[in-house]
Structure formats: C-alpha cells, structure tokens
Number of protein chains: 2
Amino acid sequence: MIDPDSIGTISRIPRFSGVSQQALTWLAEQLSRRSYAKGAMLFLEGEDSSHLWLVESGAVKVFRSLESGRELILGIFRFGDAIGEVAVIDGTGYPASASAHEDATVWVMPRQAYFTYLERFEGTAIALIRDLTLRMRVMQRRMEDLGGGGVEYRIARVLQALCAKSPDQPGPVYLPIPLTRQDLADMVGARIETVIRIMSRWQKDGLIGQDDRGLCVRDRRAMAQLAGGS
Amino acid sequence: MIDPDSIGTISRIPRFSGVSQQALTWLAEQLSRRSYAKGAMLFLEGEDSSHLWLVESGAVKVFRSLESGRELILGIFRFGDAIGEVAVIDGTGYPASASAHEDATVWVMPRQAYFTYLERFEGTAIALIRDLTLRMRVMQRRMEDLGGGGVEYRIARVLQALCAKSPDQPGPVYLPIPLTRQDLADMVGARIETVIRIMSRWQKDGLIGQDDRGLCVRDRRAMAQLAGGS
DNA sequence: CGGCTGGTTGATTTTAGTCAAGTGCAGTGG
DNA sequence: CCACTGCACTTGACTAAAATCAACCAGCCG
C-alpha cells in the first residue's frame, strides 16, 4: 500500500520538512499520490471539501467562474503549496475550482487525517497559522493589484510578482510558470485582446521577450517603473 | 490601573466570548482601551507591528496607499473585529494603515501578550485559525469583486455584501456603516465621479435611497441582479 | 463671512471591451 | 503526404466604459 519512497518524498515538501520521523511515517500512511494530465480537474467549486491537496510537481490553477462570465485565476500553485486548506478547516465546500495547469502530481490528505495531524503533532498548528498569514499577505497584494489602476499596471504587477523570487541578475528573467495571454487576462481581470495589445507593445519596446524557454522580462527596471509609479 | 468594568466589556467581544474567567482576568490586565476621533490614525503601513487591535465601538478603516496614487480600502471594521493580526503573527510591519472611520474605541494588546495568550489558554489557537480562514474567504470574495467586471458590478457587490447581514425584510435596508461616495470609490477601485454617476442613476431608478439615516438599498432584488447576472 | 467637505454635472479624452477576421502551428486521421 | 481541426495568438475597426478636467452647489462650522 505504501510506496517505500513515500516518506522521503513527503519529507521534501516544505510543509512537512520540520516534522518528526514519527509524524512522517504516520503521514505516509495517510497521504496518497495522484497524477493529473494538463487540464484535468482536481475539484470543483462548491464540492464537499473532503481533502487537502499538496502539490508535488507541475502546476495547479485555482480559479473561480464569476457570474459576470469571466474566469478569475486566484492563484497558480507549485511544488510545496497547499490547496483547499481553508475549505477543509471550515468545512464548507471548496470556494473555487482547481485544475492541472500543467501535468501535475499531488498528494491528497483526507480531511479527518488533517485534523488528527494538527492535534497529534506538536507545532503543526503554529506552522499552519504562519502559512495562513503568509497567504493573507499574498492575497492582500493581489487585491491591491486588481483594484490599483489600469490593465497595464495590473499586468506589470503580476509579472513583477512572478519574477520577484528570482535573484536580481542582469539579463532576462524567465517566468517560472508557462502563461498564455488568456491566463494573464484571467489573472488581472481583463480581456485577452487588451493583454495582447499591451504585451505586443512591450515586446516591441524590448521590455519583455518570448522564446522557446517561455516568457521573460528583459528590463526589470522599466517593468518595476510601470508597476510602481504610474 | 485596571478599569473595574474591563472584564465585563472584554467578555462581550466575540473573540473572547468563549474563554475562561481566568483568561478574562488575565486579558483585562494586558489590554488597554483607547479612543480615537474620526480621522485619527491608529497605525501606518510599514510601522512595527507592536499591537493587536480589537474594535469595541465605532468603525476603523484599513487601507493602503497605492503607488498608482489611489487609496484602496481593504476593509472597514466594527465591533468585535481584530486588526493587525497578520502583522503581529508574522512579525513584519503592518501591511496597511488604519484610521478611525468614525469616532472609535479600541482595545490594544501588545504583541508579546498575544503570543502568551495563544500559548497559555486552551483553544485560542484554534479560534485564531477559524478566524483567519473566515477572513480569507472574505478576501477571496473581494478579489472576485475587484477582478470581476465593470464598476457598476463592483459597487453592486459591495452594497450587496454590506446588506447581507440584514435579514431579508421588505423595505429599504440601511447600510451599517456611513459611506461617502469617495469611500465607495476607494473600495471598488474607481473614481468618485464614476461612482456618483452610477449611484445617481440608481437613485433615480429607485434602486437605492439616501436620507438622514444614511444610504439604503430599496430594491434588493434588482441590486442582486446587478451583482449577479451582468 | 470665508473655508471646508461632500456631492454633482458636463465636456472631453483615454482606456478597455467587443466584434470580426485571419495567421501559424502542432497534432490527427485518411 | 495532406486536409482538417483546435488552439494560441494577432490585428483592425468600432463602441462602450471610465478617467480626467473643470466648474459649481449646499451645508456646516469657526
């Protein structure tokens, strides 16, 4: 039943990096691994929040279909990120849907096992609180982006945020996630044509670039300018 | 030093309603009460997050001045709401500023006392987790509002949310908080003139009304229509 | 009486959405 | 191999929405 390598893999998930060997062994029995092909749904909004999801590889998109007809991407999650935590904790259904943005493998943890985990092992509740507060900061930032100004400003902020993890190196910074124009549009609450027009201009001006390695920001200073002072 | 009535007042704050008499007594020693006149600042973004704030009466506006020049209201908090929790927990400075939206009295709790409180008394960490998840849901909703569509849709959503607590009664529903047009504009990320034009039209169409008791929604069905299906 | 705040209106410009058409490419099945 | 499909991307013309700029009004308060 238990993949003999499970413990090793699980211990590499940041969320569980600090826990005891005993907790890891217990976790390995509770978690199961699943793989999803690009585009496959992990869960739908409103569905009963039966599981906590932890991304091991690939990328998972969490989004919400709005009454206005649009789709708003709430976040794209990668290695180590937890999904569905809020829903699992408060027991109401998932507040959004999730699908595999690229081929992805995830660990799933049943709701009850998660509660047991929080109760039984020391320090896990604190880790959860820290994680939640961190995510609230991220959400606040995104609220600011969405409410902040024009579409140009909002796209610049998103690209800025995606590049933020990379060290301040010279040369182009490639985005860690493949994003289509439609994805960007869904992230900033705009139409695809608007996004294309803005990005075409940026490309012409040498601000960004695109090749087989993906999308990149060529002029971080100018991008920061757009995201900051307009 | 301790207001003899403190314990009684504190026990009425929902956040502390379930705690033991012992914890209440301890809290009464840690908390101090402050009053702020309308417009006065409680704290500034970036300031060291030294205290947790609990609103007892009045209203406190939490907002952020964006690089784009706008001011985005992140929330307006009333009786029982906690402010600054995220900042206190993760120890980085306040991520936003707060001022008294109306004359307000608040309880302040030093950072260290808050940690002691979480450690010493049973169940408080769980209560915190529940509160955080609840607030993440609220934030997600606001993100959807901001990214969702036009200004009309966004204003409708805000009014809708403010009326949501009131029971589904016939007749006008007055907003629980006095809001100027500018406040609304800062909540939805729009200009004051745009807000005025939309609301003037609504007023003409009998959707909303305004009198000495404040702003009210007269036709909740139509408002829900705007917030839902456009 | 000023000065201040909040609300309001109109004219104009800018921005973004909408509609329609079309390109380039990768994969698929005949 | 080639037609065919689907997908991401692109462009142009046009319309609608919102921002901007500039006044102006009413009430309130010292």
Side-chain angles (χ1 to χ4, degrees), chain A residues 37-39 61 66 68-73 99-103 145-158 175 177-205 208-215 226 230, chain B residues 37-40 61 66 68-73 99-103 145-156 158 175 177-205 208-212 214-216 226 230:
Chain A
K38 178 178 174 175
K61 176 176 81 172
L66 302 177
S68 64
R70 296 190 183 191
E71 180 171 289
L72 182 70
I73 295 180
S99 69
H101 184 248
E102 309 169 53
D103 291 352
D145 294 352
L146 288 168
V151 175
E152 180 165 295
Y153 169 86
R154 303 207 293 272
I155 301 176
R157 297 275 295 185
V158 168
L175 301 192
I177 302 170
L179 287 179
T180 66
R181 312 293 147 126
Q182 186 64 58
D183 291 331
L184 252 334
D186 290 342
M187 291 176 86
V188 302
R191 292 287 139 177
I192 185 173
E193 297 96 325
T194 307
V195 173
I196 285 172
R197 280 187 246 268
I198 290 170
M199 291 185 61
S200 297
R201 182 157 42 79
W202 285 352
Q203 201 150 11
K204 190 155 50 69
D205 297 345
I208 59 172
Q210 191 161 27
D211 55 33
D212 51 343
R213 282 199 287 166
L215 200 63
L226 284 169
S230 176
Chain B
K38 178 178 174 176
K61 176 176 81 170
L66 302 176
S68 65
R70 295 189 183 190
E71 180 170 290
L72 183 69
I73 296 180
S99 69
H101 184 248
E102 309 169 54
D103 289 353
D145 294 352
L146 288 168
V151 175
E152 181 166 294
Y153 168 86
R154 303 207 292 272
I155 301 176
V158 168
L175 300 191
I177 302 171
L179 287 179
T180 66
R181 312 292 147 127
Q182 186 63 59
D183 291 332
L184 252 335
D186 290 343
M187 291 176 88
V188 303
R191 293 286 142 182
I192 185 173
E193 297 97 324
T194 308
V195 172
I196 285 172
R197 281 186 246 267
I198 289 171
M199 292 187 59
S200 297
R201 181 157 42 80
W202 285 352
Q203 200 149 10
K204 189 155 52 69
D205 296 344
I208 60 172
Q210 191 161 26
D211 55 32
D212 52 342
L215 200 62
C216 65
L226 284 170
S230 178

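Remark on DNA chain C: of its neighbouring residues B:I196 and A:G189, the 5'-side contact belongs to B:I196, judged by nearest-heavy-atom nucleotide.
Residue-level contact check: A:R154 touches neither bases nor backbone, having no heavy atom under 4.0 Å from any strand.
Separating the CD1 atom of B:I192 from the C1' atom of D:dA22 is a distance of 15 Å, rounded to the nearest angstrom. In this structure, CD of B:Q182 is placed 12 Å from P of D:dA19, rounded to the nearest angstrom. If you take CD1 of A:I198 and P of D:dT10, they are 13 Å apart, rounded to a whole angstrom. A:M199 has its CE atom 15 Å from the P atom of C:dA16, to the nearest Å. Separating the NZ atom of A:K204 from the P atom of D:dT10 is a distance of 13 Å, rounded to the nearest angstrom. Distance CZ (B:R181) to P (C:dT9): 10 Å, rounded to an integer number of Å. Protein atom CG of A:L184 is 14 Å distant from nucleotide atom P of D:dA8, rounded to whole Å. In this structure, A:R201 places its CZ atom 13 Å from P of D:dT11, rounding to the nearest Å.
Checking C:dC19, C:dT8, D:dC9 against the side-chain heavy atoms of A:E193 singles out C:dC19 as nearest. Among C:dA16, D:dA19, D:dT11, the nucleotide with an atom closest to any side-chain atom of A:V151 is C:dA16. Of the listed nucleotides (C:dT9, D:dA18, D:dC9), D:dC9 has the atom at the smallest distance from the side chain of A:T180. Side-chain atoms of A:R191 lie closest to C:dG17 of the nucleotides D:dA18, D:dC9, C:dG17.
B:Q203 has its side chain out of reach of B:L215: every pair of non-hydrogen atoms, C-beta onward, lies at least 4.5 Å apart. At a threshold of 4.5 Å between non-hydrogen side-chain atoms, the residues A:R201 and A:R197 do not count as touching.
Side-chain N/O atoms of A:R197 include none lying less than 4.0 angstrom from OP1 or OP2 on D:dT10. Considering only side-chain N and O atoms, B:S200 lies nowhere under 4.0 angstrom from the phosphate OP1 or OP2 of C:dG7.
Scanning all heavy atoms of the two residues, the minimum distance from B:G148 to A:L66 falls at CA-CD1, 3.5 Å. Here the closest non-hydrogen pair linking B:K38 and B:H101 is CG-O, 3.6 Å.
Rounding to the nearest 0.5 angstrom, the gap separating the NZ atom in B:K204 from the CE atom in B:M199 is 14.0 Å.
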